Structures are given as C-alpha cells and as structure tokens.
Amino acid sequence: MVVAPRTTRAAFDTIADPMSASPNAILRPPHDPATVLEDRFRAAIRAVAGIDADPQIRVSANAKFGDFQVNAAMSLAKERGANPRALAEEILALVELGGIAMKCEVAGPGFINVTLDAEYISAQLADLSRSANFGIPAATDRHAVVVDLCGVNVAKQMHVGHLRATIIGDSLARVFERLGRKVWRENHLGDWGLPIAMTLAKLIRERADFARLTLDDLNRAYRGAQRETDTSDLAAAHANHCGLHRIAELEIQYEPARAAMEDAKKTLVRLQSGDAEIVRLWERLIEVTMEQVYDAARTLNVKVGPDNNRGESFFRDRLGGVIETFRASGHAKSDRGAMVVPFTDRERPLLIQKSDGGFLYATTDLAAVRFRTFELDGSLVVYVVDARQRDHFKDVFDAARLVGWNRTADGTESTLVHLGFGAVLGPDKKPLKTRSGENFTLKDLLDEACERGTAEVTRRAADPASPTHGLAESELRAIGTAVGIAAVKYADLSGDLTKDYVFDLDRMIAFEGDTGPYLQYAHARIASILAKSGESTECIADTTLRLELPAERALALHLLRYAQMTLDVGRTLETNRVGAYLSQLATLFNGFYQACPVLKADDAATRLSRLRLCAMTRAVLADGLSLYGIIAPDRM
RNA sequence: GCGCGCGUAGCUCAACUGGAUAGAGCAUCGGUCUUCGAAACCGAAGGUUGGGGGUUCGAUUCCCUUCGCGCGCGCCA
C-alpha cells in the first residue's frame, strides 16, 4: 500500500516520494488509540476484502457517535460495487477489539462507530505519562530540515511582515526539533549588492560616525540613497520617446543622481574586491542592523541569533559556479545578452545573469538551494517567505531540479517547499499602518503588545484575591510581556498561514476566548492547583487513573492525541493545528475543572487521579505552547 | 493580457484533507463566584459555505463556469 502523497495547501511542491521525502507520514504514535484501531481494522479489512486499505480512522464528529469512526467501508464498497452497510457489518464481525473498545456498531450509510473502553484509555494514558517525549516517535530521517526564516535586509527597519517570517519559521523549527530532526534555522540576510553599496557610499560621503551609527541613521541613508539615485523619470522619458529637448533637460537635472550612482558602483567594486576599509564599514552596517533583530528575537522568544546568519554575501563566491553549472548542463541559454533558464511548461524563463554580467537574487537563491540540500544535508527545505514570491520560488525550485540540486549528499531527494504566508492587514483591510499613516515597525508592535499585556496583568494584580497580588513590578512586567507576546504569536500562528490576516491588537489583547492568554490562563490555573495540593510529583505520577465522569474521559482521550497532532504539523506545516489542539485541550480542561472537584474530591483516590490528569494537562499545555515559542507562567 | 491565491454567521477564523445536523471565539441576549483562579463555565440567537452547473451513497473540500477582492509577471531584491 502506497501512502497517498500529501501536500500542504501552502506548498506547490508536491512530495514525489512520500516514503523517503516525508518519513514522518509513516510514523505513528503508540499511545494514540487511532494507531491500534488502524491496525485492527486494517487486518479485518484484509480478511474481508483481501486488500490492504487505509481504514480511515477519524475522531468522531459528534460524541453520540462514540470516540472514533471508521469510514473505509463506504469507499471500499463503492470500488467493489458492494453494499456499504453489509461490508461494514462484515468488517465489524471480524475485527478484534477485545480490551480496547466497549462498543462498536455500524451506523448511517456505513460508518463504524467505536467507543473505547475507559480502562484502555486510562492504561494508555498511564503509559504515555511514563514515556519520553510525550509519546512522539523519533524521526527516522537522519537528514536535516532547513528552515529559511526572518529574512531581514541590512539597513532596513523590521516591519510586520518580518514578524510572520520569523515566528512561523521558528515555530516550524521547534516542531521539527520536537520530532527529533536536526534543524537549521537560516536567516537569509539581504546583506550584499548595489542597494547596500549605495547606502554605504552615502554614509561615507556624509562622513557619518560609524562607531555611533543607529538603525535610524541607516534607514535614513538607505532611503536617501534610493531617492538620490532615482532616474526612473529619465528612463521613462526615453521609453516614451520624449523630445530631445525634454530628455536633455532631465539629463541635466539628473546629473547628481548619476554621480551618486557612480559613487555607489565604485563602492560596490571595492566591497566586492575585499577592500579592508570598506569591508570593515560594511560589517558595521550589518552589526547595527542585526541588533534590532536579536532584540526582537529575544522579546519574541524566538531562537534566532548571530549563528543563524547566512545571507547573500555568504553565497557571493558561488554565483559564477551556478551559471557554469546551468550552462554546462545545457539548461541555460543566452537571451538578449542575459542568461536565462527556460521551462517547457511556461512562457516565463528564470533570469540568472544580467546582460552586464551581474547576478540576480535568483542566482543567489539557486546557490542557497544547493548549499542547503547538499552541504547542510537537508531532505526538507522550507522557505518561510511571503506569498508574493510564489512564482519566483516555483522557478527557482524547478530550475534546481533540472540540475539535480534537490538532492542531499547521499542522493536522497529533497523536498523544497515555499511556505508563502499572507500579508498582515490593518482593520481597514489594507497593509498595516499606524494611525498617522506611517509604516508599522515591528518594534512599535511589540512594544505595544508588551505594554498592554503588562497593564492588564498589573490591573488584575491590584485585586487582593489575585494570586499575583503583591508581586514585584519586575515580575509583573515579565508576566505581562509573556502575555502580550503570547497574544500576538497565537493570533498569527493559529490561523491559516497562507491567508492574509487582519491584525487587530484590541481583539487579541482582550485576552478572552480563543487567544494565547486563554491557554496561559488554563496553564496557570492548573499550576495553582498542583501547588496547592501539596503532593509530590512522584506521588501524583504513581497514582491510578480513574476515568469515571465524561469530562475526565474526554480530557484523557485528547491528551492521547498530542503526539499525532505534532506529527501532523511536521507533515503539513500547518502550525494552526497546534493552536486548535491546545485550544480544545484548554476547553476540555475547563469543562473538567467545572465538573470535577480536584482538591475537594470525595475520596483520596479520586483526588490523586484528578491531580494526575491536571499534571499531564499542564505538561502538554506547556509543551504545546513551547512549539509556538510561548512561555507559560505559573501565575498570571 | 497571462498566471497564482482567496471568498464560510454582523466581525475574526475552523472544519482532522471527500463523511453524519458546517463548528469556535468576539459582539448581542440570558444564566453561573460564602466552594480548587470568573482571563472561566452553561444556554439562546445567528448560514442558500459569493452565484450557477457537474462528478457520487455523500462536496466547504474535487472538476467546469461566472462574479468580486488581492497578488505576481526577464536584466531590483
């Protein structure tokens, strides 16, 4: 049986060979009831129909249909021209579910509804709580996962788009780390080329004090340099065949622009040739730019630092080789003086070298693909870059395949994925701006989130009954920051990454409903119960789980599914599954909390059993939040 | 012009990748704090899944068509 190729909605690069390219698809968590149900029903289907088919085990949509449903009978019956209900009955008669299910019946057009034995759930959960890594099976693929994230440009301020590229990439990296993969976070900096040289040249002309440069200075210089060298009106005049007089007029007007451009090009040549003085200043530019990135990463609890920097400049010596490879293999041709890679299925070719011999970003990206698959040994390379670059990455990936660069060092085929996320919009559905119409910088946004989180935490701490009452201001600030950042990150990661999303701080900072703080609150409440219980963690871990009330049972069942959810995120790259899972876990816990007294339970055994459920829920909540890089405080 | 993406409750989003009566959260209305933290819980109301056709036991999901919005289209990155 070949596992059907699964693709991410976000990715246009299909996984050609799921067995090698996506080994997680065949990893199954041992504690999840779906795993054993799949085995048992697979065997029953083989006995009935003589084929190996996916039983299609799903969590039941409705509690009245039991815990799980088996959907395979209907599609199998269609293929074989059989009666679906009769086929379901045959499967049901042969399936071996002793000790697993207490009830199993055919319903509707051919569903098989399974209700598990509470004893079985409790045994699985007890085993899960003793196993390492939340029962997540270790990855079998020893190749690395490469995540291209953040993607800042030197001399430019980070904006809200970088927020997504950074936290989505970091979250995926965390998921793959949790799955046991070697992960490379790659920050592909825009740190090379003419725009940087222009900025550098302008700063030098202005005799800027490089020792005291600020990001604002760089930003101003960058924009100033862009403006100074802008001759687009002149180019347009030529293109529109304006009169000679008009063109001559414009040429005089643009003389300073030409001079500035000349200066920038000379600076670029010096930089490229390794002129020690220029290189030193260039490094300073990067240093100043990256300080904001590390600041933002620290605030966001994102694992991005100097070790992750591998930008355009890193690949500068490999660009000639890219052209050579494509030329030698016959996949590139000269066109209007430039070098292009044509494709058979579309008009648009990929331009890899300009007619003046210069390279383009496609050239750098091709060099990076080669580096990531062959040298970093990535069997999965994920580009977390905004959706507008879809066509570009399609071209780059297809070109890389033409020359066999989608292979690891041992020849394993790599999966190249562009995870194109949508734009961040303001409440007016236009790209996010501040009230005064300025671009919303990442710093503005994070400052506001932290400030509002702190204000809210401080306000609640004023209540003498609050567990946070009397905490030091620095502690409240730390909690408030965690809460504010959780709101921002959760709102982003818990939706469909490919869609544009409306950024509304008011809504997410309301801290009510399906938000990051809602999950943190559930966590803090559990931590509070555990602390008050006075029981040691060992004692709690040893106790017998008794699942008597529906709320206990539902909570336990959901805890058993954490591993599968994590595997699913690794397979689909859909980070929103984490949020959906945790949100449901918190809701189930709140229901349990409402229905089942823990510290005031009727008897000691029930009390301990419920404490054990609390402890496990707390651990899974904290671990799940860590997949988003969200901190779960014990008090808030 | 060509290509890509997206249209689901008033708003913001789900729907386990073709399954049963399309679910949450805000907002609205009505209930729960002398009992483990009310950032919570329970209930009500809210829908022609943009429109139309098709595929089939079954479609928000796949195909065709149409409308609307957004984005991208060789010498910037």
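To find a chain, count down the sequence lines: A is the first, B the second, and so on, and within it residues start at 1. Computed from a predicted model, the values in this text were never measured in an experiment.
- Using a 4.0 Å heavy-atom cutoff across all strands shown, A/Tyr593 reaches at least one base atom of the nucleic acid.
- A/Arg58 contributes no side-chain N or O that forms a donor-acceptor pair with the base of B/rG19 under 3.5 Å.
- With respect to A/Arg164 and A/Asp492, a salt bridge is recorded, a charged nitrogen being found less than 4.0 Å from a carboxylate O.
- Note on A/Asn83: nothing from the nucleic acid sits closer than 4.0 angstrom, heavy atoms only.
- In this model, a side-chain donor or acceptor of A/Ser528 finds a partner on the base of B/rG37 within 3.5 Å.
- Only the C1' atoms considered, B/rA9 is 29 Å distant from B/rC4, to the nearest whole Å.
- Across all strands shown, A/Ala524 has heavy atoms under 4.0 Å from base atoms, whether or not it also approaches the sugar-phosphate.
- For the pair A/Gln56 and A/Arg58, the minimum side-chain heavy-atom distance is below 4.5 Å.
- In this structure, A/Asn113 reaches the bases: a heavy-atom distance under 4.0 Å links it to at least one base atom across the strands shown.
- Heavy-atom neighbours of A/Arg635 CZ from other residues, nucleotides or ligands within 6.0 Å: at or below the threshold of 12.
- B/rU49 sits 16 Å from B/rC11 when the P atoms are compared, rounded to a whole Å.
- The side chain of A/Arg336 lies closest to B/rC75, out of B/rU17, B/rU35, B/rC75.
- Residue-level contact check: A/Cys596 touches the bases, meaning some heavy atom is under 4.0 Å from a base atom.
- At a cut-off of 3.5 angstrom, the base of B/rA77 holds no donor-acceptor pair with the side chain of A/Glu312.
- Residue contacts shown for A/Asn62 are absent, as no nucleic acid heavy atom lies under 4.0 Å away.
- Considering only side-chain atoms of A/Tyr521, the nucleotide from B/rC13, B/rG74, B/rA40 that sits closest is B/rA40.
- A/Ala387 comes within 4.0 angstrom of no nucleic acid atom, judged by non-hydrogen atoms across all strands.
- The aromatic rings of A/Tyr501 and A/Phe503 stand perpendicular to each other, their planes meeting at an angle above 60°, with 30° marking the opposite boundary.
- Note on A/Arg525: every side-chain N or O is 4.0 Å or more away from OP1 and OP2 of B/rA40.
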| Per-nucleotide protein contact string for nucleotides 55-64 of chain B (B base, S sugar-phosphate only, - none; heavy atom under 4.0 Å) | --BB------
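- Using a 4.0 Å heavy-atom cutoff across all strands shown, A/Arg346 reaches no nucleic acid atom at all.
- Inter-residue side-chain proximity for A/Tyr562 and A/Tyr581 is flagged as met; some heavy-atom pair is nearer than 4.5 Å.
- Base-pair partner of B/rG23: B/rC13 (Watson-Crick or G-U wobble, both distances under 3.5 Å).
- The side chain of A/Arg390 has B/rG5 as its nearest neighbour among B/rC75, B/rG74, B/rG5.
- Under 4.0 Å is where a charged nitrogen must lie from a carboxylate oxygen, and between A/Asp602 and A/Arg607 no such pair does.
- When heavy atoms are screened at a 4.0 angstrom cut-off, A/Gly190 is found touching no nucleic acid atom at all.
- In this structure, A/Tyr361 does not reach the B/rC75 phosphate: none of its side-chain N or O atoms is under 4.0 Å from OP1 or OP2.
- As judged by a 4.0 angstrom heavy-atom cut-off over every strand, A/Met565 is placed among residues making no nucleic acid contact.
- In terms of phosphate contacts, A/Asn590 brings no side-chain nitrogen or oxygen within less than 4.0 Å of OP1 or OP2 of B/rA39.
- Cation-pi geometry between A/Arg525 and A/Tyr593 is met: the NZ or CZ atom falls under 6.0 Å from the ring centre, inside 45° of the normal.
- Remark: P of B/rC4 and CG of A/Leu419 are 20 Å apart, rounded to the nearest angstrom.
- At a cut-off of 3.5 angstrom, counting only N and O atoms as typed in the model, there is no donor on one side facing an acceptor on the other between the side-chain of A/Arg571 and the base of B/rU17.
- Dashed line: the shortest gap from a side-chain N or O of A/Lys156 to OP1 or OP2 of B/rA77 is not under 4.0 Å.
- In terms of polar N and O atoms assigned as donor or acceptor, the side chain of A/Asp496 never comes within less than 3.5 Å of the base of B/rA15 in a complementary pairing.
- Comparing B/rU32 with B/rC13, their C1' atoms are spaced 28 Å from each other, to the whole Å.
- The existence of a salt bridge linking A/Lys394 and A/Asp391 is excluded, since no basic side-chain nitrogen approaches an acidic carboxylate oxygen closer than 4.0 Å.
- Atom C1' of B/rG7 sits at a distance of 32 Å from the matching atom of B/rG43, rounded to the whole Å.
- Across all strands shown, A/Phe511 has heavy atoms under 4.0 Å from base atoms, whether or not it also approaches the sugar-phosphate.
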| task | Would you check, one step at a time, whether the test ring-ring contact (aromatic ring centres under 6.0 Å, His included) holds for A/Phe68 with A/Phe41? | result | CA-CA 12 Å; A/Phe68 288 89; A/Phe41 276 99; over 10 Å; no
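- Within the 4.0 angstrom heavy-atom criterion, base atoms lie near A/Ala107.
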